[in-house]
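One structure is given below, encoded as structure tokens.
Residue numbers start from 1 in every chain, and the chains themselves are labelled A, B, ... in the order their sequence lines are given, proteins ahead of strands.
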Amino acid sequence: MSHTATAPEATTEHALRAFLHGLPGVDEVGARARAQDLSTRSIKTTAKAAAIDLAISMVDLTTLEGADTPGKVRSLCAKAALPDPADRSVPKVGAVCVYPDMVATAVEALRGTGVGVASVATAFPAGRAPLEVKLADTRRAVADGAGEIDMVIDRGAFLSGDLLKVHEEIVAVKEACGAAHLKVILETGELVTYDNVRRASHLAMRAGGDFIKTSTGKVSPAATLPVTLVMLEAVRDHHATTGRRVGVKPAGGIRTTKDALRNLVLVNEIAGPEWLTPDLFRIGASSLLNDLLMQRTRLSTGTYPGPDYYTQD
Amino acid sequence: MIFEYAPAPESRSVVSLRETYDLFVDGEFTPASSGEYLTSLNPADEEKLAQVAVAGEADVDRAVAAARRAQETVWGRMSGAERGKYLFRIARIIQERSRELAVLETLDNGKPIKETRDVDLPLVAAHFFYYAGWADKLAHAGFGPDPRPLGVAAQVIPWNFPLLMLAWKIAPALATGNTVVLKPAETTPLTALVFAEICQEADLPPGVVNILTGAGETGRALVEHPGTDKVAFTGSTEVGRRIARAVAGTDKRLTLELGGKGANIVYDDAAIDQAVEGVVTGIFFNQGHVCCAGSRLLVQESIAAEFLPRLRARIEKLRLGDPLDKNTDIGAINSAAQLERVRALTDTADEEGVERWSPACDLPERGYWFAPTVLTGVGQSHRVAREEIFGPVLSVLTFRTPEEAVAKANNTAYGLSAGVWTEKGSRMLWTAERLRAGVIWSNTFNKFDPTSPFGGYKESGYGREGGRHGLEAYLG
């Protein structure tokens, strides 16, 4: 099958198209059925406790609102470093994810905590800006100290068939990132088909993305289980042919512990246990963290504390 | 991190087993005339579950007489709408007791709780609901303005889907105004006996459903009994042949649903991940104890080198073990005898030089277990390509052209099922038109629905069950 072919040296429109359209199709009914089947896995007791801690360490605690203020970002950062002030055994989250103008505030607030700062960039969420604006956006976020950049792809270009434009933009943003890690947001809710999700995943990986991410959180549907499943298959296949492990980040709509555990089961059984680390799997979320903390307390104490026992940030 | 799923066993407490079960005749549980009992085991750990009465000829006489009386005095005269009400009531009670029935089915059969809970029981209830709906519409089913029931049906069912096969047999028979005497399999009688309790709970008139437990001799007495009008059998081709001989020369109607050696054809343009999944479902669903299992994989030679490693990687993820654990994918082989048959037939592959592979997996010490097995380098002439193994053993063959795929798929004594995997619609239709199989799945496998007729070509039997077609077998 053509997707086992190694990438040619120079990427041309023709080569890119031949590669992406040579990927095997995704049968929609079958992909949904597989995701549904895996979502019936029953994660209990010790497995649940371990998975909740892992999920907490994978959360990209996110605030991406027009109404964000430095105060709100600082309070989110405090929570990221110490999610449950009543229980210091709770791990810290993977990163805090903010808009570029909040990066400096977040970096300052998180100094010395070991929690990373991720910034969306490239005219998030629509991505409708000239390339030089996107690159300037990226460079500024990196200059302010963001260790991770969450870029959006040009979905218009992708859907109109201009695959090379999408590719070149990712390559350019990756270069602008320097040492910062690049997460490529596919916005799967706008790509619609699983075939498109698979192609966009491989396109982003070929262009140098360190992570592929489902959604901005601004478009519905966001991270559905079948979409995450298709992306996990893509990173598994990319590793099999290139030896490079790319991470996956579902974002948007993951609100409960049950949702998070279902995602971890997918990671475990589709990509494999090697991906069960914050280096290769993140969950973009805001309200999820409190539910994880609540379930964690219930497991260790046997009782449900009320929501007022967890900080609302 | 290694993500070990902690044990997640479904509770057994929903099931209250009696020590002994008697025969269900004429609406009541009554002892067998012989006084003999057999023991039903849990195949996962060989624990004794219950003693079950063994019916003899005198009991068959009694049950057939009760069924005749009920058919002539009550059930056959009842309006379709009234019969439908009973069937709807049974369907609802099955739904209400589905957790109990699922756990009991898993205990008695060895199949994973995830299958009994998510497949068997929903289909059982759906089957009763579906045929309940037909009961008052038989004049519009296409079998004439006033189709009549046949009378008394003798029904013998297998152990692979005990309660589902009961539903396939009893629901259409009752909907059409027949009464039944049903013999569940020797190794899996328990859910049929709970079904008898459900008939009582639904106030079904006595004699409409009679359940006779026992082994081969009981089955023989039932199908050979002169007092029935219809014999319906699901099971092995070997026993099916004996039944056909026994029924030949009588005026009984006969339907047989027998073995299979289904082909799963994977073309080079298939959606690979879903095709791998479909091949796994095709052969490992219910430990391969499925007459329509996709026990032969026909993969296009040009992708075989990529497909097989993916298939093996997927099989390595299967979780074999305690059938009551909600995360178990592969349960126990149903009986010691079946395990021996699976072993013996699979061993012929070694003698014939076929390459054999199984994932590293620990088999439980007690109970009947067989690891998922893939045989590669299989030729059409090997026994494992021709004979039904009825276990978790996949024979892999390759083909180069669509013509060759069809020729190999059809080159079998059976003709029950086939699967075709391609993203190209025209190739799908071309292939499906040429396959000689009762069910052909397009980019899926082992999907069942009460509205869909099911049955075979050639040695897979005759007659159809399910759907509108399934009514015909019970109407004169």
Side-chain angles (χ1 to χ4, degrees), chain A residues 1-4 22-38 40-51 53-55 57-58 194-195 198 226 229-230 232-234 236-237 240-241 261 264-281, chain B residues 1-10 112-115 117-119 266-281 285 300 302-307 309-310 313-314 316-319 324-329 419-425 428 441-447:
Chain A
M1 275 164 285
S2 49
H3 67 290
T4 55
L23 293 167
V26 183
D27 183 78
E28 188 177 323
V29 175
R32 284 181 199 273
R34 177 85 170 113
Q36 167 60 31
D37 184 42
L38 285 176
T40 67
R41 289 286 192 228
S42 181
I43 307 302
K44 300 286 182 210
T45 60
T46 51
K48 187 172 181 180
D53 278 5
L54 182 64
S57 74
M58 288 170 163
Y194 299 140
D195 285 331
R198 174 169 284 179
L229 173 128
V230 170
L232 287 164
E233 289 171 350
R236 175 200 65 195
D237 292 348
T241 53
L261 297 187
L264 294 185
V265 166
L266 279 193
V267 175
N268 190 38
E269 301 204 27
I270 302 294
E274 299 82 2
W275 267 263
L276 285 170
T277 150
D279 294 338
L280 289 170
F281 195 75
Chain B
M1 173 184 144
I2 301 300
F3 190 6
E4 289 282 3
Y5 304 159
E10 180 65 80
I113 186 72
K114 130 178 148 170
E115 289 181 12
R117 179 195 66 198
D118 297 344
V119 182
V266 179
Y267 284 113
D268 60 0
D269 67 341
I272 293 300
D273 289 301
Q274 288 73 45
V276 165
E277 204 54 38
V279 170
V280 167
T281 308
F285 173 64
Q300 196 151 10
S302 54
I303 59 163
E306 170 159 11
F307 191 87
R310 282 170 179 260
R314 173 68 184 90
E316 279 171 347
K317 299 273 184 194
L318 290 171
R319 303 170 62 88
L324 274 179
D325 191 302
K326 291 176 219 166
N327 293 324
T328 291
D329 299 317
V420 185
W421 299 83
T422 171
E423 287 287 275
K424 190 168 181 173
M428 178 66 75
W441 281 292
S442 158
N443 287 328
T444 189
F445 210 91
N446 275 343
K447 286 275 177 285

Seminar exercise, completed: Honestly, the part of A:R41 sitting under 4.5 Å from a heavy atom of chain B is both

Problem set entry | Atom group of B:D325 that falls short of 4.5 Å from chain A, counting heavy atoms | neither

Exercise. With distance as the sole criterion, is a donor-acceptor pair present between the side chains of A:D27 and A:Y194 under 3.5 Å?
Worked result: no

For this session: Let me know if A:S42 has heavy atoms under 4.5 Å from chain B in its side chain, its backbone, both or neither.
Result: both

Problem set entry | When B:K114, B:K326, B:R117, B:K317 are compared by non-hydrogen pairs under 4.5 Å with chain A, the top option | B:K317

Exercise. Non-hydrogen atoms of chain B under 4.5 Å away: do they reach the side chain of A:E269, the backbone, both or neither?
Worked result: both

Problem set entry | chain A contact via B:E4 - which portion, at a heavy-atom distance below 4.5 Å | backbone

For this session: Pick one of side chain, backbone, both or neither for A:L264, based on which atoms fall under 4.5 Å of a heavy atom in chain B.
Result: both

Exercise. Taking atom NZ of B:K424 as the centre, does the number of heavy atoms from other residues, nucleotides or ligands within less than 6.0 Å exceed 12?
Worked result: no

Exercise. How are the rings of B:W441 and B:F445 set relative to one another: parallel (under 30°), tilted (30 to 60°) or perpendicular (over 60°)?
Worked result: tilted

Exercise. So which part of B:N327 gets closer than 4.5 Å to some heavy atom of chain A, the side chain, the backbone, both or neither?
Worked result: both

Exercise. Which bit of A:V230 is near chain B, if near means a heavy-atom gap under 4.5 Å: side chain, backbone, both or neither?
Worked result: neither

Exercise. Charged N to carboxylate O below 4.0 Å: is that the case for A:R32 and A:D37?
Worked result: no

Exercise. Are any of the side-chain nitrogens in A:R34 or B:D273 under 4.0 Å away from the carboxylate oxygens of its partner?
Worked result: no

Exercise. Is the closest side-chain heavy-atom distance between B:R314 and B:V279 below 4.5 Å?
Worked result: no

